[in-house]
Structures are given as structure tokens and as C-alpha cells.
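Model, not experiment: these values are computed from the prediction. Counting convention: from 1, in listed order, for ligands and their atoms alike. No hydrogens, no waters, no symmetry mates; every other heavy atom, side chains included, goes into these values.
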Amino acid sequence: TILILDFGSQYSHLITRRCRELNVYAELMPCTVLLKDISFKPKGIILSGSPYSVYDSDAPHVDPAVFELGVPILGICYGLQEIAWNLKGEVTRCDNREYGYAAIQINRFGNGDGNSTVDALFEDLGDEMQVWMSHGDQLQKLPPDFHVIGHTQTAPFAAIAHDSKPIYGIQFHPEVTHSLKGREVISRFVINICGCRTNWTMQEFIGKEIARIRDICGPKGRVIGAVSGGVDSTVAAKLMHEAIGDRFHAIMVDNGVLRLNEAKQVEHMLKENLGVNLTIVDASELFLSRLDGIDDPEQKRKIIGNTFIHVFEAEASKIDAAVNEEEKKSGEEAKGKGKIEWLLQGTLYPDVIESISFKGPSATIKTHHNVGGLLKDMKLKLIEPLRELFKDEVRALGRLLSIPEPLVKRHPFPGPGLAIRILGPVTREQVKILQQADDIYIEEIRKANLYDQISQAFAVLLPVKAVGVMGDKRTYEQVIALRAVTSEDFMTADWYVFPADVLRRISSRITNEVSGINRVTYDISSKPPATVEWL
Ligand code: XMP
């Protein structure tokens, strides 16, 4: 394992990604973590960049034990300055701030046979590299026993290496794709210098994770989990099923604000295709009655989140009771109060990173509804098989678990569903209108083969009325707004540029086929300043 210590750079998670792409397992932890609190011994440590300057009074610093551990260290940008700060070099704010591309000239010291520790980081990478810089500070004086292994026109110490210990610092960011040989630099460090084995593969992960789940649950343990039809919950459910079969109980709550035929499709996929032990609870009446007359987006989210918890808990108790009954009948003694001890959560690595950041979680713009609240009352222990994975790793895992490609590539769908895509109060009629419009929209996107180019597409129902004409009659009906965005991580997003004929077809079908709609508009706002969802 490579330990990456995060000083708050926007690129820190990319370092983790790059290591894993090399099939080397890497974990990101806050820079303030103490080595004595870590359960594994890393084979190497990478110090990330940071928005701070090492001389800021509140600048974050690593546990000095990092330099005593004897494993290779690579400092990137701020990480380089942190190494210098610890090992008595000098860093100053420089006049020539560098942002963007730079050419780095490589200096070599060994005899060219590649054995020198000093040369190992850039071994076989030529004499010059295009790299990406983004820094205000730079090194002014080398720490004792260090060599300069690379310089640019403005940064005389753009890359440094210790004379005999495997400690390296680089001013540029090898983790961003703009640094053309960045991947190779990371590979030199984690594979050649740290000697990591390249055995982090999804196939390997499945085997280990199934064994871990079986071990945790024991021969009888039961797990419940909510499924939504999205990628994460489907992959997590399938993995649980592979591990413990029908002792995993999936629950799908129909909250009345799902997409057209969604509950049926999820049932078909999970139960029939994937063999998962699934119960569907139709609680649409309850949700819609609680949403009655509610206009405020945050209130909608709260109501849906809380109602979800009630419904889920009630269903879980029913399953628990049924399991107890069955086991009693079959002569097995029911031990303890409940048979279900575990709750499956589809937590992904970015959520974990967010919650461990030393800066604390970022400001909440919208409260995302998840099932975290369940734990308090149900006294269930958490099981999170995806917590080490990034989204595209979950997709790769899904493919290996034979989850069909369209599901693996499905756009995200928010927990509060269509309730946050219907502006104003949510009623059955409004839900029906939006379901139909959304279904046509997505169908046409698929037909035009554009679904995979778009990160998320959906329709929004605007409860304003506009005048139109149909036949000889004047109409006065509601408006549908279409949204389609491309995005890496949904923190920022850009609106998607449709071919005009596709938009024309969609608009014509919606106004013709969906009664209650006589006008369609396309949302051309990016995030920021807009958000992806309208509420
Ligand atoms: P925003 O609207 O915040 O959306 O730009 C970013 C991504 O998050 C999804 N989203 C939600 N997901 N519960 C969810 O599970 C929510 O309350 C929620 N609100 C937004 C949104 O669909 C997009 O993918």
C-alpha cells in the first residue's frame, strides 16, 4: 500500500487514482494522521500539494515520524516544500509564480545504468519533460545531502532527490494528465522505488471482498440494504448476494417519485437477472401524502429522507420477524432479539475522503438524502463493501459481476427523485406528466446514441402556464425544461450541446404525447452558478 497524505490540494485524489491505475493499492489520509494510528505499514509515502504555504502560521504539517520510517517518500509541490521544511531547506514565495505548462530539464548523477537512487525517479524518461506547474512558493536552498534532479527556466530546484535515501521532491504535478509523463513518474516511484506489487485488480478485489464479507457475517449473519436501481446500490447488492446469497435482503422503497416503470425494472433486474433476494415496498401513497402542498426544496428532501427511514425500518423489522419465525419452525433456535445485524451502505471512496478531510467536510449546498440516519435507531452495524472504490472502479466491478452495460453506465438519479424535479408542490398528476416527458427524453437520447456522452440528463416540470395553439384551439399549459450536462465529478458541470434535430424530435414528441405540456425549453446553465438539479 502507498500512503498518500493529503494537504488539501484539489488534485490529491488524482494521485490515489494514478497509483490504482498502475494496479497498486493506495490510500489517501489527512496529512495530520499519526503513523502510530495507521493499521498498515505503507511501502511508500506521497505528500500531496496544498493551497497553503509551509510558512503560514496555520500551515498543516506531517507527523515527523514519516521521515524516520525508512520508506521512500515523494513530495509533490507543497509536499516538496514540506520535505525541505522538515529537512532544513529554505522555501520562499517567489516572484515568478508558475501556473501551467513548463519544460523540465532532467539532471542525471549516476553512471547511466539506472542504479543510482538519485536518478531513479526519472529513469528512462529522457532529458526533458512537459509538466504542469501550479505553485506560488518555491525552494530557494537545497536541504543538506540533496541533489537537483530537474530544473525549469524559473525554478532552479524543480525536482530534488536525496543523495542516498529514497526521498524525492517535485515541484510539478505528475498526477494531472497535462504532465505528459506524469504517469511514468508515479510508476517509477511506486513500482521501481517503493517496490509495490501490481496486484490491485478488480478481480482480486472481488475475491478478497467476498471473503471479507463472509468472514464478517459468519455462517448465519444477515444483512439488509436499500437498493435504488442505481449503479452503486446494484453493485453492492450483487456483491453481497455473491458472498452470502439470500442472507442478504434488499429492500426497494417505491416513494412515488421514481421514474416511469422504475420499480418494475429494478425488480426485473435485481430479482430475475441477478438473483438478489428483493422486497419492493410500495409506499407511494404515504410519501405523496406527506409531500402534499410542500413547495420548499429542502423540506421535500427532509420529508423524503425521514419517510424513507420509517418505511425501511418497518420493512426491515418485518423481514427480521419472518426470518425468526422461519428459523424457529425449522428447529433452529433464534438467538438474540433480531436475526439481522448488518446494514449495507453503498458508500464510495470520495464520500470517505470528504469525511476525513483535515479541513472538515465542505459547506452543504443541498442536503443529500442517504440512509445514514438509519443506524441510530436500528442498532445495526455497517457494512460498506465499496468504501475503497472510486465511481469508475465500481463500474468495472459491476461489469465483472455481470451487471448489464446499460445499468453500469446509468446516469445518477437523486434519492428525492422527481420531487426535486417538479417545481412547486408534488402531486400524482404532476409526477405522471414528468415521468412521461422524462421517459421520452431519455428514450430519444438513447436512440440518437448520445446517452454515454452525457453525464446526466433529465426533464424538469415547471408549474407555470404558457399559451400555445393546438389545431384551432388556444391552449394554456405547463412547461417542461430539459437538462443535460457533462461533468467529471458533478462539482462542476457544463451544459451539453445537442444536435438540433435531436432536440427538435424530443420537443415535438413531448408536446404531442404528454397531455398538459405545450412548451419545451432547454437549460443552458453551467454549474456554477447553477446546480445540476433545479432544486
Ligand atoms: P447538484 O444539483 O447539487 O447535483 O449540482 C449534483 C449531483 O448530485 C445529485 N443530487 C442528489 N443526489 N440526493 C441525491 O442522492 C439529493 O438530494 C441530490 N441532490 C442532487 C444530482 O442529481 C447530481 O448528480
Under 3.5 Å, N or O to N or O, is R421 touching ligand 1 that way?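 For ligand 1, there is no N or O atom that lies under 3.5 Å from one belonging to R421.
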Return yes or no for this condition: an N or O of V532 is under 3.5 Å from an N or O of ligand 1.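 Yes, at least one N or O pair falls under 3.5 Å.
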For ligand 1, which atoms have a heavy atom of [X] less than 4.0 angstrom away?
{"X": "K527", "answer": "1 (P), 3 (O), 5 (O), 6 (C)"}
{"X": "P416", "answer": "13 (N), 16 (C), 17 (O)"}
{"X": "G415", "answer": "13 (N), 14 (C), 15 (O)"}
{"X": "T531", "answer": "1 (P), 2 (O), 5 (O)"}

Is R446 positioned over the aromatic face of Y451, cation under 6.0 angstrom from the ring centre and no more than 45 degrees off axis?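 Relative to the ring axis of Y451, which defines the angle, R446 lies inside both limits.
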If we ignore angles and hydrogens, is there a donor and acceptor under 3.5 Å between the side chains of R387 and T347?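 Side chains of R387 and T347: no pair found under 3.5 Å.
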Please verify the inter-ring angle class for F308 with F312; under 30° counts as parallel, over 60° as perpendicular, anything in between as tilted.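 F308 and F312: parallel rings.
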Once you round to the nearest 0.5 Å, how far does CG of D439 lie from CZ of R259?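 If I round to the nearest 0.5 Å, the distance is 10.0 Å.
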Centroid-to-centroid, Y11 to H173, below 6.0 Å?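 When the ring centroids of Y11 and H173 are compared, they turn out to be within the sub-6.0 Å range.
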